[in-house]
Structure formats: structure tokens, C-alpha cells
Amino acid sequence: SGLSTGLVSLDLRLGRLEPGGVTVIGARPSMGKTALARKFLSGVSGQGRAGAMFSMETKEKKLVQQWAHTLAGVDKDKVRTPAGLTQRDWVDLTAAFQQLHGSPLWIDDTPHITLSQLRGKARRLKTEARRKGVELGLVVVDYLQLMNGADGATQSSNREQEVAKLSRGIKVLAGELDVHVVLLSQINSGVESRSVQNKRPTISDLRESGAIEADADNVLLLYRDEYYHPGTKEEGICEIIIAKQRDGKRGVTVKVRFTDWCTRFEDLTYEDRDPRCPD
């Protein structure tokens with residue numbers, strides 16, 4: 001039962017993404033948490049299930065462009081200035097857009113969505129997916145701290161209590177719809193003030209972390225050494241730290257390949273010595 005993350009090395013340590021569960025991905029900006037969520041969604045689509053992303057930070061058009069250049073293996077800087085794209089790039093990008101167009105994936109870019117809006121939209125998507133002959137398997141929320149607590153309400157001064165209600169509501173939603181929810185979360189900026197040798201996040205670094213930690217079935221924290229130490233021997237490597245898993249060992253680190261120029265996550269292999277994406 002459950003769904004693969006699309007990364008075999010992570011599946012072996014984490015297990016599969018079970019219906020009704022919640023996985024939190026926490027990281028500082030530019031570490032790749034949205035790209036990892038896209039990897040999960042692509043994996044779910046490849047397993048014949050539908051996926052949905054609620055993106056409050058990135059608009060739909062830009063998100064699709066990012067997704068396409070990842071699938072195509074085209075440099076993200078070249079996509080921003082398309083005059084430099086080669087004929088092969090255009091062919092690969094066209095194929096990537098066609099793949100996305102034919103996939104059972106939905107994107108909703110409503111800013112500062114509320115929990116009730118999220119619940120209503122997710123229910124409608126589940127119904128629509130069934131009409132198309134597939135089951136909704138995964139819902140991604142990007143990201144928790146951009147959600148509003150109640151309809152028509154701005155973010156309150158007691159944000160920690162508000163986030164606690166959102167976290168509990170998302171856990172209930174996962175059970176109601178029988179889907180797995182991947183919830184992206186910010187990491188406190190205090191990580192940046194630590195010593196150079198100690199930048200790896202811990203579960204307590206999750207912003208407004210108490211309820212998030214309690215409600216989540218899994219908590220994954222991302223760390224890339226090259227972000228802080230250019231020229232490191234760990235260049236092109238992302239550490240996925242399993243800070244919590246309800247039915248397994250915590251504190252395990254899974255290393256995967258992260259290719260920054262096309263924001264792509266892949267399993268490491270014995271022969272994998274080149275950090276660039278394959279042709």
C-alpha cells in the first residue's frame with residue numbers, strides 16, 4: 001500500500017507514503033523543498049495516481065515552467081532567457097510540457113488559502129480525478145506559513161496557535177480524503193547564525209514547530225553543504241534528514257543527487273560521479 005516518493009533510497013528508509021498520513025518537508029530558502037515535492041508528485045503520477053499542489057508562493061505559470069525544465073534537463077537560466085535555447089532544448093521542453101499536460105496533476109495558486117478553502121478544493125479535485133478514472137493520492141501544500149487561519153482573517157498575532165490549528169486541520173483532511181499530504185514548512189532563520197560547521201537543521205528549527213512536529217507522521221529536513229561551503233566534496237549532494245517517522249527510525253540521513261542548474265532530485269548510483277543531469 002501507499003505511494004513511492006520517486007526516490008528508491010528514500011523509500012528504503014522512510015517506507016511508502018500512506019493514505020491519511022502527513023509528511024513535512026522543512027528547509028531554508030533555496031534548499032529545494034518545492035523541487036522535492038515536485039519529485040514526489042511526478043512519482044505519484046507515474047504510479048497511476050493523481051496529485052495536487054496548492055502553491056501560495058509561486059504562480060501556476062512559473063511553477064509549470066520550473067517543472068518542465070526539470071523534466072527536460074534544461075538549465076533554468078536558459079529558460080529565463082529563451083533566446084539562448086538550442087533546438088534540442090526546445091524539443092526536450094516541448095516533450096516535458098506534453099508529459100505534464102497529459103499527467104493527472106492539478107495546480108492551485110490561490111494566495112494565502114484558508115483551511116476551509118483547501119478542504120473544499122481538495123474534495124472537488126478528488127471527485128474530478130475519479131471522473132477521469134484515477135484516484136487522488138497526494139496533496140502538496142506549499143507552504144504552511146503562508147496559509148490564513150480562518151476565512152476573511154489576516155494572520156493573527158498569536159501565530160503559533162493559528163499554525164497549530166492549521167496543522168491539526170491538515171492532518172484531519174488527510175484522513176477524510178484518504179490521501180497523503182506533503183506539507184512544506186519554513187525553517188527558522190536562527191540556523192544561519194550558527195557556526196559554519198553546524199548549519200544542519202533540527203526538528204526544533206521548524207517555524208512554529210510544536211504542533212507541526214506532533215501532527216506529522218514524517219518530518220524531512222533538507223541540507224546542502226555546497227550552499228554554505230562552495231567547492232565542498234559534497235557538491236551536488238542533498239542530505240534528506242529523517243527527523244521523525246512514526247513507524248521507523250529517526251535521525252537517519254539519506255543522500256541523494258541534487259542538480260541545482262535544473263533543480264532535479266535523483267538517486268545516487270555507484271557510477272554517479274557527474275553532478276550534471278544526464279542528456
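Because the structure is a prediction, the values reported are computed rather than measured.
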Would you say [X] and [Y] are hydrophobically clustered, going by side-chain heavy atoms of ILVMFWY under 4.5 Å?
X	Y	result
Val172	Leu183	no
Leu41	Leu177	yes
Val134	Leu17	no
Val91	Phe97	no
Met31	Leu63	yes

Is there a side-chain contact between [X] and [Y] in this structure, where contact means two heavy atoms from C-beta onward sitting under 4.5 Å apart?
X	Y	answer
Glu57	Leu184	no
Phe54	Leu118	yes
Arg131	Thr127	yes
Asp260	Lys76	yes

Working to the nearest 0.5 angstrom, can you tell me the gap between [X] [atom1] and [Y] [atom2]?
X	Y	atom1	atom2	answer
Lys61	Ile107	NZ	CD1	13.5 Å
Lys255	Asp267	NZ	CG	14.5 Å
His69	Arg80	NE2	CZ	7.5 Å
Arg250	Gln245	CZ	CD	8.5 Å

| Residue list, side chain to side chain contact (heavy atoms under 4.5 Å, CB included) with Lys233, at least two apart or on another chain |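 Once residues adjacent in sequence are excluded, Lys233 has no partner under the side chain to side chain contact (heavy atoms under 4.5 Å, CB included) criterion.
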| request: Please lay out, stage by stage, how Arg28 and Gln186 fare under the test side chain to side chain contact (heavy atoms under 4.5 Å, CB included). | output: CA-CA 6 Å; Arg28 293 292 295 152; Gln186 285 185 330; 6.0 Å; no
Which atom of [X] lies closest to which atom of [Y], heavy atoms considered:
X	Y	value
Cys238	Leu222	SG-CB, 4.2 Å
Asp109	Glu60	OD2-N, 2.9 Å
Ser185	Tyr143	N-CB, 4.3 Å
Ala37	Met53	CB-CE, 4.1 Å
Ala52	Leu125	CB-CD1, 3.7 Å
Ala96	Leu71	CB-CB, 3.9 Å

| Steps toward salt bridge (Lys or Arg N to Asp or Glu O under 4.0 Å) verdict (Lys199, Asp225) | CA-CA 9 Å; Lys199 299 289 190 183; Asp225 198 56; over 6 Å; no
| said: Atom CZ of residue position Arg13 - does it have more than 12 heavy atoms of other residues, nucleotides or ligands inside 6.0 Å? | reply: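 Atom CZ in Arg13 is not packed in, count stays at 12 or less.
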Answer yes or no: is there a donor N or O on one side and an acceptor on the other, between the side chain of [X] and the main chain of [Y], under 3.5 Å?
X	Y	value
His180	Leu138	no
Lys121	Asp108	no
Glu234	His229	no
Asp92	Asp89	no
Ser55	Thr58	yes
Arg257	Glu266	no
Lys249	Leu14	no
Thr259	Cys262	no

| task | Report the C-alpha separation of Val254 and Leu7 in whole Å, then their side-chain angles, then the decisive distance to 0.1 Å, and conclude whether the side chain to side chain contact (heavy atoms under 4.5 Å, CB included) test is met. | result | CA-CA 10 Å; Val254 177; Leu7 294 165; over 6 Å; no
| request: Enumerate the residue pairs fulfilling side-chain hydrogen bond (donor to acceptor under 3.5 Å, both in side chains) with a member in residues 31-48, sequence neighbours excluded, ordered by first and then second residue. | output: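 Those involving residues 31-48 are Arg16-Gln47, Thr34-Asp142, Arg38-Thr70, Arg38-Thr263, Ser42-Trp67.
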| field | Worked check of side chain to side chain contact (heavy atoms under 4.5 Å, CB included) between Glu226 and Ile237 | value | CA-CA 8 Å; Glu226 65 182 342; Ile237 302 296; over 6 Å; no
| said: Please determine whether side chain to side chain contact (heavy atoms under 4.5 Å, CB included) holds for the pair Thr202 and Ile241, giving the CA-CA distance in whole Å, both sets of side-chain angles, and the decisive distance to 0.1 Å. | reply: CA-CA 9 Å; Thr202 65; Ile241 303 164; over 6 Å; no
| task | Would you check, one step at a time, whether the test salt bridge (Lys or Arg N to Asp or Glu O under 4.0 Å) holds for Glu239 with Arg224? | result | CA-CA 6 Å; Glu239 298 179 18; Arg224 292 194 291 120; over 6 Å; no
| query | With under 30° as parallel and over 60° as perpendicular, where do the rings of Tyr228 and Tyr223 fit, or are they tilted in between? | reply |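 Judged by the thresholds at 30° and 60°, the geometry between Tyr228 and Tyr223 is parallel.
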| task | With Thr23 as reference, evaluate Thr5, Asn218, Asp217 under the side chain to side chain donor-acceptor pair (under 3.5 Å) test and give the passing residue. | result |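 Of Thr5, Asn218, Asp217, side chain to side chain donor-acceptor pair (under 3.5 Å) with Thr23 is met by Asn218 alone.
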| Test applied, side-chain contact (heavy atoms from CB on, under 4.5 Å); reference residue, Ile170; option that passes from Val181, Val24, Asp215, Val139 |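 Of the listed options, the one satisfying the test is Val181.
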